[in-house]
Amino acid sequence: MGNLSWDAIPLHEPIPLVSGAVVVLALLAVLALVVLKGWGPVLWREWITSTDHKRIGVMYVLLAIVMLVRGFADALMMRSQLALAAGNARGYLPPSHFDQVFSAHGTIMIFFVGMAFMVGLMNFVVPLQIGARDVAFPVMNSVSFWLTAAGALLINVSLVVGEFARTGWLAYPPLSELAYSPGVGVDYWLWSLQISGVGTLLSGINLTTTILKMRTPGMGYGRMPIFTWTALASNLLIIAAFPILTGSLAMLALDRYLGFHFFTNDAGGNMMMYVNLIWAWGHPEVYILVLPAFGIYSEVFPTFSGKRLFGYRSMAAATMGICIVSFMVWLHHFFTMGAGADVNAFFGIATSVIAIPTGVKIFNWLFTMYGGTLRFELPLMWAIGFMLLFVIGGATGVLLAIPPADFQLHNSQFLVAHFHNVIIPGVLFGAFAGYNYWFPKAFGFRLHRGLGVASFWCWFVGFLLAFMPLYVLGLAGATRRMQHYPQTQWQPLMIVAFAGALLILAGIVLMLAQLFASIRQRERLRDATGDPWDGRTLEWATPSPPPAWNFAALPQVDGIDAFWEAKRSQAGVLKPADGEGARPLHMPRPTPLGVVVAFFAFFAGFGAVWHIAWMAWGALACIVAACLVRAWRTDREVEIDPARVAAFERGARA
């Protein structure tokens, strides 16, 4: 069993042991519920083996919500530790455990919450918005999701078998090299990100191809919804940036496993090359997350203002401008490296320049609301909350783009506040706006409004309490990554930040209660129209939830906001494209390939972490065998009779 022994179970550390036991008990409870209710066959047939982009999108979002709870538990531990550990008090987390907690928190929140949420929403919405029946590569889509889930599982196994990295969420050398991190923590980090990163790259290729090649007749680039534009930009960034991450992690793995010296201080290695590579991926990653959120806001503001998006062309141009410039700013993450004044000046100017297209978007959203008839539904509340908070994060980002200021603030709590000020309103608020906006389309009933409003206010006020004090603490000299501080005068602000985290916890609990209450009251919240918000884009032209084939006849698009214009035309409905509606539809069959590949990918990663060679190589061989078996199958599609489609459409119209 390689390096694996009973010593890997943290019997002497109650916190990870109890946490792991809770997770295991929750999984067993879910499995017991599935067995007792007899849901197993339906779950396997309709969800686990599904190639339907809508169901895969829903599973991505479910994974993101589960990992949000897991990642926020780490955040709560950090904030409570810092509220206690002042002066002579040492808190309850030892330094080694605290380091694992903040490393796991960053990794989970970026890769398995932000990425999973945004990829899930893009998976669900984009094919519907462009009038396609599915994504370009449905089986690859299933593999992408299950690889992401396998990476999430591997990172959670580190709770109870071994340890997680103590290096921060980007694992800088030399700290992540074997000499300074001889345990398995960095290996868990490496292989969980490699596995999920491959899934994300495949998803990026899939969605980019879908947008470029599968738009409905008449939908040129100048008629695509802005969310589709931002999805295109985000997935182009995934295709360009994620191979850099894969290569960086592969070189670090070679250093650790085979004694290479890419990033060591001896034998010609250079640790700063790793920092360049990881941030050449890492800064585009910020925009991979935030651009789809900008697209969500660009759908929400026009819908709930009752008017067309202001400045459509400038919004699309700003999106692609951000896509390009995002590759020219990575060095602002390490101005303190000593690259020189010229290099720092270039990246400082580029960082300020990228704020311009973001400012264009803010003004476009404001002008969209101006003069409109606003309906303060939950998606609009999340969108307005985003604007109020994100402007603060953007302003502090421009401040940090100035190298001399960054020299003072880089290693402080000020930077922690700035990063969260961008990611939480910019990404999470966007994810929650999209979740509330498209939930009725996915399930046919709305989410409970009262609990949703309460959750929003807990998040909004909790965010201000949790992160505004960190700006002050950073200016006062409080460093980031600290487990204890001797300055007792900092403690009151740390307690305020902890109170803010507790309020955000209440927001998460209310969000889960909202989902539970909505399911219980789904008949009262039922939407029979398929268009509960008086939407503007094509996804609202389908029944809720949409059928497997999305559109019985692909629609003909003649302008921007095609569905909105169709509702106000004499016909009142979308015009079908020429030749549509008479022939059978061909849809991909469900396949277990995705879950099988992910199952063996998990064991390949686990074997690599613990140096169990037979497990790692055997699992890789099984992945190759599963792909070959799939490649030899010829019955890959199912034919849907036009009469069945017509009957469904009649029922939906009725």
Side-chain angles (χ1 to χ4, degrees), residues 56 60 63-64 67 71 103-104 106-120 122-123 137 140-158 164-165 167-172 176 186-208 234-257 262 274-289 292 326-327 330 427 594 597-606 608-609 616 619-620 623:
I56 290 171
Y60 264 115
L63 173 67
M67 295 304 285
S103 302
T107 305
I108 287 170
M109 287 302 199
I110 294 296
F111 286 93
F112 301 108
V113 179
M115 282 299 298
F117 226 131
M118 287 303 157
V119 173
M122 288 189 289
N123 248 295
F137 310 115
M140 184 192 288
N141 204 21
S142 173
V143 172
S144 300
F145 166 71
W146 286 109
L147 284 175
T148 304
L153 179 59
L154 189 61
I155 209 171
N156 280 297
V157 166
S158 68
F164 194 64
T167 54
W169 75 280
L170 287 181
Y172 285 0
S176 57
V186 174
D187 300 318
Y188 268 117
W189 180 85
L190 271 172
W191 296 111
S192 63
L193 296 198
Q194 279 290 40
I195 291 167
S196 64
V198 170
T200 302
L201 179 58
L202 293 176
S203 183
I205 294 168
N206 203 347
L207 285 166
T208 300
S234 178
N235 286 287
L236 287 171
L237 286 174
I238 286 173
I239 293 170
F242 265 78
I244 303 174
L245 175 68
T246 301
S248 306
L249 299 183
M251 287 189 278
L252 182 59
L254 288 170
D255 278 11
R256 290 181 60 83
Y257 282 77
F262 287 112
Y274 177 89
V275 181
N276 266 289
L277 287 170
I278 205 73
W279 280 116
W281 159 81
H283 200 85
E285 166 68 7
V286 173
Y287 292 100
I288 289 168
L289 292 173
S326 67
F327 265 103
W330 77 85
V427 178
V597 166
F599 177 83
F600 288 115
F602 168 79
F603 282 104
F606 189 82
V609 166
L620 285 173
I623 291 172

Donor-acceptor pair, [X] side chain versus [Y] backbone, under 3.5 Å?
{"X": "Thr148", "Y": "Ser144", "answer": "yes"}
{"X": "Ser203", "Y": "Gly199", "answer": "no"}
{"X": "Asp255", "Y": "Phe262", "answer": "yes"}
{"X": "Thr208", "Y": "Ile205", "answer": "no"}
{"X": "Arg256", "Y": "Ser176", "answer": "yes"}

Between [X] and [Y], is any pair of side-chain heavy atoms under 4.5 Å apart?
{"X": "Phe137", "Y": "Leu202", "answer": "no"}
{"X": "Ser196", "Y": "Leu147", "answer": "no"}
{"X": "Trp169", "Y": "Phe111", "answer": "yes"}
{"X": "Ile155", "Y": "Tyr188", "answer": "no"}
{"X": "Leu237", "Y": "Glu285", "answer": "no"}
{"X": "Pro284", "Y": "Phe327", "answer": "yes"}
{"X": "Ile238", "Y": "Met115", "answer": "yes"}
{"X": "Trp279", "Y": "Leu170", "answer": "yes"}

Against Trp330, only a single residue in Asn276, Ile244, Val275 fulfils side-chain contact (heavy atoms from CB on, under 4.5 Å); can you say which?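 The option that passes is Asn276.
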Over 60° means perpendicular and under 30° means parallel, so classify the ring planes of Trp191 and Tyr257, tilted if in between.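 Tyr257 and Trp191: perpendicular rings.
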First locate atom [atom1] of [X], then atom [atom2] of [Y], and finally report the distance between them rounded to the nearest 0.5 Å.
{"X": "Asn206", "Y": "Asn123", "atom1": "CG", "atom2": "CG", "result": "7.5 Å"}
{"X": "Thr167", "Y": "Tyr172", "atom1": "OG1", "atom2": "OH", "result": "10.5 Å"}
{"X": "Thr200", "Y": "Ile288", "atom1": "OG1", "atom2": "CD1", "result": "8.5 Å"}
{"X": "Trp146", "Y": "Ile56", "atom1": "CH2", "atom2": "CD1", "result": "9.5 Å"}

Testing the basics here: between Ala250 and Gln194, what is the closest heavy-atom pair and its distance to 0.1 Å?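 Reported closest heavy-atom pair: N-NE2, 3.5 Å.
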